[in-house]
Amino acid sequence: MIKEYLTYDDVQILPKYSEIKHRIDCNTLTNVTKSWELAIPIVSSPMDTVTEVDMAQEMNEFGGLGIIHRFLSIEEQASQIGRVTLGPSAAAIGVTGDFIERAQELVKQGCKILCIDVAHGHHKLVKESIRRIKNEVNGKVDLLVGNIATGESARDLCEWGADGLRIGIGGGSLCSTRIQTGVGVPMVSSILSCVAVADGYDVPCMADGGIRNIGDVCKGLGAGADTVMLGSLLSGTKESPGLITKQGVWPNEVLQKKYRGSASRDSKLDRGESKHVEGYSTTVPYKGKVIRIISDITDGLKSSMSYVGAKNIEEFHSKCELIKVTNAGVVEAKPHLL
């Protein structure tokens, strides 16, 4: 019998009795790894059109976290890490080539969290990279590891020494993994499976991919994730890397910025690669400063917490009950006149 797996549109959060007088009273403090807390459970994705030093700095100022992408020279990525202030700085690394040298230089510059950033985290190379970083890199650093999608993978990564898990395979807005390979697990079921295991190891979980709106953020956290990683929602902002371009003729010009998947052909060609393309490249409307988006998400999350009577993220995990909805329920959930 084929098991049923659910994603964000398949569920809604059940409202419950609440004694919370105002959503401002809800506390969004959470852990992103074993050692590091965040004031808000929002992490910007290590994509080359989402997070470099400007985004990382802004995320820190608002209480979240920005992970500087790994598609830079070691010197440039380390330099950017050295310019991030006000909180735990984070950077992405791979599992082949000069990743140990990169990790050492990043930690030397003050990096507190290394994100082992690969498409398939339940892999021998990831196991070996965790072992080598723990043994060979001087200094205290937490390892955020992914991406994974199953309880079995969560158990193995926790046993291998991961300090945080990144959950989600094939759910990103520009990811074509599920189309080209048929591999992937719908996000809500993936989160539930991984969290059920990771909680036993006291390892925080991050939901990465498939989030299109604030309600999806709330559902991901309600399913048990401690943080959510955002790419498309933060793309096109002032703080994201890349130039603002204009399309159209004045006075009807539209401002845009590039947004591309890390495995897109566009991104790979910039790195001198051409094989194993599993993503797309596009342009998105310019959105202005990221603070507006972060504020909207935080307000929506606190409101969701108040609907179930949860004063903090831990209570949200225990009190949030997800119910399955029909296709008619999905339609009903959206504004009808738009």
Apply side-chain hydrogen bond (donor to acceptor under 3.5 Å, both in side chains) to S232 and S235, showing your working. CA-CA 5 Å; S232 62; S235 67; 5.7 Å; no
Criterion side-chain hydrogen bond (donor to acceptor under 3.5 Å, both in side chains) on S193 and T150, from CA distance to verdict: CA-CA 6 Å; S193 298; T150 66; over 6 Å; no
Does the pair [X]/[Y] count as a salt bridge with the N-to-O cut at 4.0 Å?
X: D163; Y: K134; result: yes
X: K127; Y: D156; result: no
X: R166; Y: D117; result: yes
X: E128; Y: R131; result: yes
X: E58; Y: K238; result: no

Check whether [X] reaches the backbone of [Y] with its side chain - one donor and one acceptor, N or O, closer than 3.5 Å.
X: T237; Y: G288; value: no
X: E239; Y: E52; value: no
X: S89; Y: G110; value: yes
X: R102; Y: A78; value: no
X: S295; Y: I291; value: yes
X: H69; Y: A92; value: no
X: S189; Y: P186; value: no
X: D10; Y: T7; value: yes
X: S129; Y: V126; value: yes

Are I67 and I81 joined in one hydrophobic group, where the rule is that I, L, V, M, F, W and Y side chains link up if heavy atoms are under 4.5 Å apart? no
Would you say that more than 12 heavy atoms from the other residues, nucleotides or ligands in this model lie under 6.0 Å from the NZ of K16, or not? yes
Option from L233, I297, I167, I211 for which side chain to side chain contact (heavy atoms under 4.5 Å, CB included) with V228 holds: I211
Between [atom1] on residue [X] and [atom2] on residue [Y], distance to nearest 0.5 Å:
X: L144; Y: M229; atom1: CG; atom2: CE; value: 6.0 Å
X: L106; Y: I93; atom1: CG; atom2: CD1; value: 7.5 Å
X: I116; Y: L157; atom1: CD1; atom2: CG; value: 8.0 Å

Distance-only donor-acceptor check, side chains Q77 and R70, under 3.5 Å: no
Does a side-chain heavy-atom distance below 4.5 Å link [X] with [Y]?
X: K258; Y: T245; value: no
X: V203; Y: K34; value: yes
X: M59; Y: V43; value: no

Which atom pair, heavy atoms only, marks the closest approach of I191 to A225? CG2-N, 3.8 Å
Going through the distances and angles, do T85 and Q57 end up as a side-chain hydrogen bond (donor to acceptor under 3.5 Å, both in side chains)? CA-CA 7 Å; T85 60; Q57 183 65 27; 2.9 Å; yes
Using side-chain hydrogen bond (donor to acceptor under 3.5 Å, both in side chains), reason through T49 and K257 one step at a time and then give a plain yes or no. CA-CA 9 Å; T49 51; K257 291 187 85 169; over 6 Å; no
